[in-house]
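See structure below.
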Number of protein chains: 2
Amino acid sequence: MNKETTIYDIAKDLGVSPTTVSRALNNHPAVNENTRKKIFDAANKSGYQSNVFAANLRNKRTKKIGVIVPRLNSSFQSSVLAGMEKVANDSGFNLIISQSLESYEKEVSNALTMFNSRVDGLLVSIAGDSENMDHFTPFLRKGIPLLFYDRIADYSNTAGITIDNFQAAYNATKHLIEQGCKKIVHVLRSTKNNVYADRLRGYKYAFLENEIPFNPDLVIFTDLIEEKGEEIVKQILKMNPLPDGLFVSNDSFAANCIRHLKLEGIRIPEDIAVVGFNNEAISRLVEPNITTINYPGYEMGELAMKNLINHLENPSEGMLHNTNKITLRSELIIRASSKKK
Amino acid sequence: MNKETTIYDIAKDLGVSPTTVSRALNNHPAVNENTRKKIFDAANKSGYQSNVFAANLRNKRTKKIGVIVPRLNSSFQSSVLAGMEKVANDSGFNLIISQSLESYEKEVSNALTMFNSRVDGLLVSIAGDSENMDHFTPFLRKGIPLLFYDRIADYSNTAGITIDNFQAAYNATKHLIEQGCKKIVHVLRSTKNNVYADRLRGYKYAFLENEIPFNPDLVIFTDLIEEKGEEIVKQILKMNPLPDGLFVSNDSFAANCIRHLKLEGIRIPEDIAVVGFNNEAISRLVEPNITTINYPGYEMGELAMKNLINHLENPSEGMLHNTNKITLRSELIIRASSKKK
DNA sequence: TGAATTTATGAAATCGGTTGTAATATAATT
DNA sequence: AATTATATTACAACCGATTTCATAAATTCA
């Protein structure tokens, strides 16, 4: 077993003290230029590698940021993560990522692990069936910055980054109404979290404004996994009269529904106009292209990480202190799947 | 600033030594049952949290596994990661993830960061334009297990997990030939890494076997990003006579090509039969459904992580020692996009 | 030239668990 | 009762970098 080089080895070799070595390697100003050079050279030659644990033990910082995400293999979430990773990496932070798989229990256990790993900050998009946020109190109590994104919670004035889901869903629904749709089905996940709850409200509000009575039978809850597509379409086809509009909470599932609707001989958009959500790549690839809400996931990831890191590096002036909610711009992108006129 | 509870605090409170506290909390057998209970109670009551750094500093283990991935926001890679995360989490390991964005420089810098973070093991899918593997030597030298997956390298007998890309591409091409295709275009990324190089060989071999001369003009290299779809299709349409088969190295891009081909009035599969790769969700959603190679990403992630962890926990008997390459089963899934007969 | 600064370096304590070894107490054996 | 074995517990060194405080040397200023 080859033992590691430590600052003590370098110190002994060069006949200086470990203190000086440490300071030199950290570019402390009170070290003579020549000494510093000597030390750097020796460090390089010996393949010295700073022991993060020893450093962390003193500094109480880890340069690690935790991310708890519902699912890694989702088009939207992986974009967000890509944006986060980019920013974190540029600032010398590492990402520890874990997925809750939409389960409350797993989220609790992940939060605990993150806490024990002493992440410097935590980014969370809440699991589908999370019931309360008590598992995050240790972070607050210890002053570890916590930032929600996408799926946010109204929890002890923790900051959150989202889009205006109400507005987006309102726009989507209004657009369908303007296309002449009278009976619009809305497919979404449970309303336990802000994302879907807000969208449902936006959907309802568009009806209200157009004096169309709201029919709760047209709201379908599902977990939006691929296998459910056929089932949901069957459910839709049983409705009498058939709906003429469909608003689905993500593009993958919208594409899924379109596929099964087409298999049943339904024409899109002539029979049923469809609007998705997220502007995933798939919305531009299926036939017809799907009208959707552009949800800038990558940018959201970047922004969330920037805010968190900024807060860590300038604890006093960080945005997270006085900001409660950051809302990103989103917009309706109209494509063939909804154009009746 | 509320200071943390340490084993010293607990020790003092209970009138025992820190040693005993440490042993009790680690379920060391040489601690009396009653003492252990007392200590656990005190630890819980005080909200004690073990300081990982102090522990790691002694143990020289981090319970962290690094993953370097070309891109986070890719359907295939995020599936792999999901599988990895699942297994790692179940065994109490954390995942540190970083993306190379297909760049050699970034991969080098990520590897260094991983090394400095002292990950216990490293999983890598090599960047598109990686030139050499020298950035991984520190891991080997220090005995940190390294395992490549998907994009593997023939490097100092490091183990790798892949599918048989040669065979898969051979099957895909042969299938197109059997459908009557005479002029088959192959779209792929650079052949710098095994994945695409092997597929190209498989593609060529299918021709050889059917005594069709190989035409290098039919091989198109591109980075497979969405924006390039139109360009590649234009390039294909310029060919005279038009090709009658198309084999693309991932489903997203295949869908992309199909879309632009259709926009130009080409019928799929009548005019051009298409085969993709990976069996991504999108292959089941576009019209026509895409014939593809089922590449079990999630399972590959699970398997890679299982092997790595197994190796870490049983250093002597771990598979990585005597295994050089693990090949997962993959298979051709025939769908409408290629069925000419 | 002597005093006051400035610059550069080092000794030693510290962060909080872990562990080899010694010490003590208790039980078992003859 | 004396001896040996066993079960518990504690002491102190250790992991390696950081940092406070002190000190020596070099420089500046009067």
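To find a chain, count down the sequence lines: A is the first, B the second, and so on, and within it residues start at 1. Worth knowing before you read on, the calculation uses all heavy atoms, side chains too, and leaves out hydrogens, waters and symmetry mates.
When each of B:Glu102, B:Lys106, B:Glu107 is paired with B:Ser130, the side chain to side chain donor-acceptor pair (under 3.5 Å) condition holds for B:Glu107 and for no other. Considering B:Ile96, B:Ile144, B:Ile65 in turn, B:Ile96 is the only one that fulfils the side-chain contact (heavy atoms from CB on, under 4.5 Å) rule with B:Met114.
Summarising the geometry, the separation between CD on A:Gln49 and P on D:dC15 is reported as 17 Å, rounded to the nearest angstrom. Atom CD in B:Glu4 sits roughly 7 Å away from atom P in C:dG16 (whole-Å rounding). At whole-Å resolution of the value, CG in A:Asn51 and P in C:dC15 are 18 Å apart. Computed from coordinates, the B:Ile7 CD1 to C:dT18 C1' distance equals 8 Å when rounded to whole Å. Atom P of nucleotide C:dG17 and atom CZ of B:Arg61 are separated by 16 Å, given to the nearest angstrom. Atom NE2 of B:His28 and atom P of C:dT19 are 8 Å apart (whole Å). A straight line from CZ of A:Arg118 to P of C:dC15 spans 14 Å, rounded to a whole angstrom. Rounded to an integer number of Å, the gap from A:Leu57 CG to D:dC15 P is 14 Å.
With sequence neighbours left out, A:Tyr298 forms a ring pair (Phe, Tyr, Trp, His ring centres under 6.0 Å) with no residue at all.
Between A:Tyr155 and A:Leu140, the closest side-chain pair of non-hydrogen atoms falls below 4.5 Å. In this structure, the side chains of A:Met84 and A:Met300 stay at 4.5 Å or more apart for every pair of heavy atoms. Looking only at side-chain heavy atoms (C-beta outward), A:Asn89 and A:Glu85 come within less than 4.5 Å of each other.
Look at B:Ser50 and you won't find any side-chain N or O under 4.0 angstrom from OP1 or OP2 of C:dG17. For A:Lys60, no side-chain nitrogen or oxygen approaches OP1 or OP2 of D:dT18 to under 4.0 Å.
Side-chain atoms of A:Ser17 and A:Thr20 form a donor-acceptor pair, as typed in the model, at a separation below 3.5 Å.
Heavy-atom contacts from other residues, nucleotides or ligands closer than 6.0 Å to CG of B:Asp154 number 12 or fewer.
Rounded to 10 degrees, the angle separating the terminal helix axes of the helix from C:dT1-D:dA30 to C:dT30-D:dA1, each built from five base pairs, is 40°.
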Per-nucleotide protein contact string for nucleotides 7-14 of chain D, where B marks a base within reach and S marks sugar-phosphate only (heavy atoms under 4.0 Å, - for neither):
-SBBBBBB
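Ring geometry for A:Phe139 against A:Phe115 counts as perpendicular: the plane angle is over 60°, on a 0 to 90° scale with 30° as the lower cut.
Considering only side-chain atoms of B:Asn26, the nucleotide from C:dT18, C:dG17, D:dT18 that sits closest is C:dT18.
Within the nucleic acid shown, B:Ser22 comes within 4.0 Å of at least one base atom, counting heavy atoms only.
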